[in-house]
Amino acid sequence: MTVLYDWPVHGLIAAAALTVPLAIVLLTKAAYHRKLLAPPSPLASLRWWAWAGIALCMLHQFEEHGVDFLGRPYHFRSFLCRSAGFSSLKSCPASAEFIFASNVCTLWVGCVLAALYAKTNPNLVLTTFSVHLVSSFTHIVPAYSALARGESWRTAYNPGLLSAALLVLPCSLWVLRLWWQQAGGVATGKPGRQGKPVGFLTKIVRLAVALYSGVCIYQTAMMSLAWRSLGIVGEDGLFAIQLGLGLLPLAVSRVLMPSF
């Protein structure tokens with residue numbers, strides 16, 4: 001087994017390792033908050049959620065690309081190709097390299113950048129979790145549609161659905177709520193300095209742009225499959241596109257917060 005197939009296992013191990021310090025910070029600060037009236041719980045911190053987002057993403061990816069709830073290993077590729085209209089895996093351009101690139105280069109890169117720059121650019125956290133939010137709906141909507149057609153839950157289930165519905169969706173909505181309350185009015189990228197509060201309309205625009213960037217990342221990834229099948233781009237080009245998509249949240253956040 002190569003890294004192209006066993007990367008979800010490595011991600012799960014990394015997620016477990018990252019969960020330990022996150023839990024320690026959460027429990028420690030919760031205890032100090034009760035006794036000494038310390039700062040609020042990390043659950044109200046965009047920085048804490050930025051790091052938690054890495055573990056959340058990797059845990060979701062294990063159900064999606066590792067072993068799903070029905071015990072099927074690496075089954076998402078079949079679901080993706082079928083959803084994209086390809087009759088067989090052989091004719092589908094969603095290769096193991098594409099799956100690796102779209103998850104490791106796009107999502108891991110985006111999550112790590114959000115964690116590293118969360119203190120100075122909370123809009124990057126917003127944009128990254130907007131990508132997670134869009135991703136959750138790509139699992140939930142097809143499942144709901146299948147159930148509405150009368151299909152059984154086993155048939156309606158797709159790899160990654162449970163973690164998307166129970167973890168990714170609620171956590172993403174919570175982070176968007178935190179951003180609206182805490183960072184929506186911050187207009188500076190310098191640590192420890194708050195800028196002038198911005199208006200309601202500006203917040204709406206920033207939130208809309210972040211959400212739309214999540215949609216664009218998903219759509220561009222799907223379009224790159226079509227480009228690959230038509231011979232417009234090769235494997236190297238497909239890989240480069242996914243890496244570029246991983247950097248898109250950073251670029252978008254620079255537009256949302258130019259002083260970063």
Side-chain angles (χ1 to χ4, degrees), residues 1-12 14 53-54 56-68 72-114 124 127-139 141-142 158-161 163-164 168 210-255:
M1 186 174 286
T2 67
V3 68
L4 292 178
Y5 294 95
D6 62 7
W7 64 265
V9 177
H10 298 306
L12 182 64
I54 301 176
L56 180 70
C57 175
M58 292 176 173
L59 179 61
H60 167 64
Q61 288 174 332
F62 182 78
E63 185 202 356
E64 188 178 39
H65 300 286
V67 180
D68 68 14
R72 300 172 299 188
Y74 206 73
H75 192 70
F76 181 81
R77 186 184 171 210
S78 299
F79 166 71
L80 174 62
C81 292
R82 186 172 64 252
S83 301
F86 294 96
S87 57
S88 66
L89 286 177
K90 190 174 183 180
S91 62
C92 180
S95 61
E97 289 80 6
F98 169 79
I99 297 294
F100 175 84
S102 62
N103 284 272
V104 175
C105 294
T106 302
L107 296 176
W108 288 14
V109 168
C111 287
V112 171
L113 286 175
L124 181 53
T127 309
T128 302
F129 272 87
S130 295
V131 176
H132 295 330
L133 181 64
V134 171
S135 174
S136 70
F137 280 108
T138 65
H139 292 277
V141 172
N158 59 73
L161 174 63
S163 56
V168 178
L211 291 171
Y212 184 66
S213 71
V215 175
C216 287
I217 286 176
Y218 175 77
Q219 289 182 331
T220 304
M222 293 299 100
M223 288 173 61
S224 67
L225 284 180
W227 299 336
R228 179 69 183 92
S229 65
L230 295 173
I232 298 176
V233 297
E235 286 291 344
D236 293 340
L238 199 62
F239 193 93
I241 289 172
Q242 310 317 310
L243 180 58
L245 292 177
L247 298 175
L248 182 61
L250 179 61
V252 170
S253 68
R254 288 177 69 94
V255 174

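Keep in mind the model is a prediction, meaning the values are calculated, not measured.
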First locate atom CG of Leu245, then atom SG of Cys216, and finally report the distance between them rounded to the nearest 0.5 Å. 9.5 Å
Looking only at non-hydrogen atoms, find the nearest pair between Cys81 and Leu89 and report the distance. SG-CD2, 3.9 Å
Could you check whether Ser224 and Gln242, counting side-chain N and O atoms only, form a donor-acceptor pair closer than 3.5 Å? yes
For Gly246 and Val109, the nearest pair of non-hydrogen atoms, with its separation, is O-CG1, 4.0 Å
Ignoring hydrogens, what is the shortest heavy-atom contact between Ser91 and Ser88? Give both atom names and the distance. OG-O, 3.0 Å
Can you tell me how far CG of Asn158 sits from OG of Ser78, rounded to the nearest 0.5 angstrom? 12.0 Å
Interatomic distance, CZ@Phe129 vs SG@Cys57, rounded to 0.5 Å, equals 9.5 Å
Under 4.5 Å between any side-chain heavy atoms of His139 and Phe76, yes or no? yes
With rounding to the nearest 0.5 Å, note down the distance linking CE in Met58 to NE2 in His65. 13.0 Å
Can you tell me if Phe239 has over 12 outside heavy atoms packed within less than 6.0 Å of its CZ? no
Where do Leu211 and Val134 land on the side-chain contact (heavy atoms from CB on, under 4.5 Å) test, with the steps shown first? CA-CA 8 Å; Leu211 291 171; Val134 171; 5.6 Å; no
Check Gly110 against Thr128 and note the closest heavy-atom contact, atom names and distance. O-OG1, 3.7 Å
Do His60 and Ser135 have side-chain heavy atoms sitting under 4.5 Å apart? yes
Nearest-0.5 Å distance, CG of residue Leu124 to CG of residue Leu113: 6.5 Å
Mind listing the closest non-hydrogen atom pair of Ala94 and Ile99 along with its distance? O-CG1, 4.5 Å
Of all heavy-atom pairs linking Ser229 and Pro93, the shortest is CB-CG, 3.9 Å
Give the intermediate values and the outcome of side-chain contact (heavy atoms from CB on, under 4.5 Å) for residues Leu80 and Phe98. CA-CA 12 Å; Leu80 174 62; Phe98 169 79; 4.0 Å; yes
Go through Thr106 and Ile217 one step at a time and tell me if the side-chain contact (heavy atoms from CB on, under 4.5 Å) criterion holds. CA-CA 9 Å; Thr106 302; Ile217 286 176; 4.1 Å; yes
How far does NE2 of His132 sit from CG of Leu107, to the nearest 0.5 angstrom? 7.0 Å
Take Trp7 and Trp108 through the test side-chain contact (heavy atoms from CB on, under 4.5 Å) and record every step on the way to the result. CA-CA 11 Å; Trp7 64 265; Trp108 288 14; 3.9 Å; yes
Does the side chain of Glu97 reach to within under 4.5 Å of the side chain of Leu238, using non-hydrogen atoms? no
